[in-house]
Amino acid sequence: MDTDSGFYSIIDYTVDGHGTQRELVAAFAEIQERWVRFHPGYRSARFHVSTDGTRVYNIVRWDSETAYRDFVATSDTEGRMAAIQAALDGLSGQAEPRMSGPPTYTVVREIGPGPRPTDPS
């Protein structure tokens, strides 16, 4: 089992179909490549799309909360936010963010593969 102690930013959007999912993933992947991936402590960005075409999750992994906070403090947040808005404006469909606060998380527990528990009776 992974003993990951990383820090995550989980960005969640509701979209209006598979085409918008593809466009949003392409746009946000470009933003990761252009604005984020070279910062110290950045590990990866994974994009998940729902099979029904209604959701996109972008899970950005950092070495630590400190690495993420350093990114926020030293990166061009204004430029990145403008790029995100331009990406959203350029979609052929609709995408709405679903985050209600800072989309940051730490892993507190993970259950990995293992044997089936035996019944104590």
Side-chain angles (χ1 to χ4, degrees):
M1 187 168 89
D2 189 2
T3 58
D4 177 19
S5 60
F7 188 77
Y8 295 82
S9 177
I10 302 175
I11 301 154
D12 178 10
Y13 275 81
T14 299
V15 299
D16 63 358
H18 295 288
T20 305
Q21 282 179 321
R22 285 188 295 274
E23 290 176 26
L24 187 62
V25 167
F28 275 40
E30 159 113 10
I31 289 165
Q32 291 297 318
E33 291 174 355
R34 185 171 175 209
W35 297 89
V36 184
R37 72 183 296 183
F38 50 86
H39 282 273
Y42 171 85
R43 286 184 157 172
S44 67
R46 286 187 174 182
F47 298 91
H48 301 257
V49 296
S50 64
T51 56
D52 66 357
T54 64
R55 301 289 285 275
V56 174
Y57 291 97
N58 177 9
I59 302 175
V60 184
R61 184 176 179 189
W62 296 88
D63 283 337
S64 64
E65 184 172 358
T66 300
Y68 171 79
R69 301 279 176 221
D70 288 344
F71 161 74
V72 170
T74 62
S75 68
D76 179 3
T77 300
E78 191 173 311
R80 188 176 67 259
M81 297 310 288
I84 290 170
Q85 189 59 56
L88 294 172
D89 291 344
L91 297 174
S92 63
Q94 296 295 312
E96 296 291 328
R98 294 188 37 95
M99 296 82 60
S100 58
T104 53
Y105 301 86
T106 56
V107 175
V108 296
R109 186 171 179 182
E110 179 179 13
I111 308 298
R116 181 183 292 256
T118 57
D119 190 356
S121 51

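Just so it is clear, the model here is predicted, and its values are computed rather than measured.
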Open item on the list: Would you compute the distance between atom CZ of F28 and atom OH of Y57 and round it to the nearest 0.5 angstrom?
Closed with: 14.0 Å

Open item on the list: Suppose we call two aromatic rings close when their centres sit under 6.0 Å apart. Are W62 and Y42 close by that rule?
Closed with: yes

- [ ] Considering non-hydrogen atoms only, spot the tightest contact between R43 and D63 and give its length.
- [x] NE-OD1, 2.7 Å

TODO: Taking the side chain as every heavy atom from C-beta outward, state whether T104 and E65 have any pair of such atoms under 4.5 Å apart.
DONE: no

Open item on the list: With a 4.5 Å cut-off on side-chain heavy atoms, are E23 and V25 touching?
Closed with: no

TODO: State the CD1-CD1 distance between I31 and I84, to the nearest 0.5 angstrom.
DONE: 5.0 Å

Task: Closest approach of A45 to N58 (non-hydrogen atoms, all atoms of both residues) - done: CB-OD1, 3.7 Å

Open item on the list: Taking CE in M81 as the centre, count heavy atoms belonging to other residues, nucleotides or ligands within less than 6.0 Å. Is the count above 12?
Closed with: no

Open item on the list: In the structure I gave you, are the side-chain heavy atoms of R80 and V36 within less than 4.5 Å of one another anywhere?
Closed with: yes

Open item on the list: Using side-chain heavy atoms (C-beta onward) and a distance below 4.5 Å, is H39 in contact with D70?
Closed with: no

Task: Shortest non-hydrogen contact between G93 and D16, atoms and distance - done: CA-OD2, 3.4 Å

- [ ] For residues L88 and Y13, determine if any side-chain heavy atom of one lies less than 4.5 Å from a side-chain heavy atom of the other.
- [x] yes

Open item on the list: So T14 and R55, do their side chains get closer than 4.5 Å, heavy atoms only?
Closed with: yes

Open item on the list: Could you report the tightest heavy-atom contact between A87 and A27, atom names first, then the distance?
Closed with: CB-CB, 3.6 Å

Task: Shortest non-hydrogen separation from S64 to F7 and the atoms involved - done: C-CB, 3.4 Å

TODO: For residues T54 and Q21, report the shortest heavy-atom separation together with the two atoms involved.
DONE: N-NE2, 3.8 Å

Open item on the list: To the nearest 0.5 Å, what is the distance between CG on D76 and CD on E78?
Closed with: 7.0 Å

Task: Greater than 12 external heavy atoms within 6.0 Å of R69's CZ - done: yes

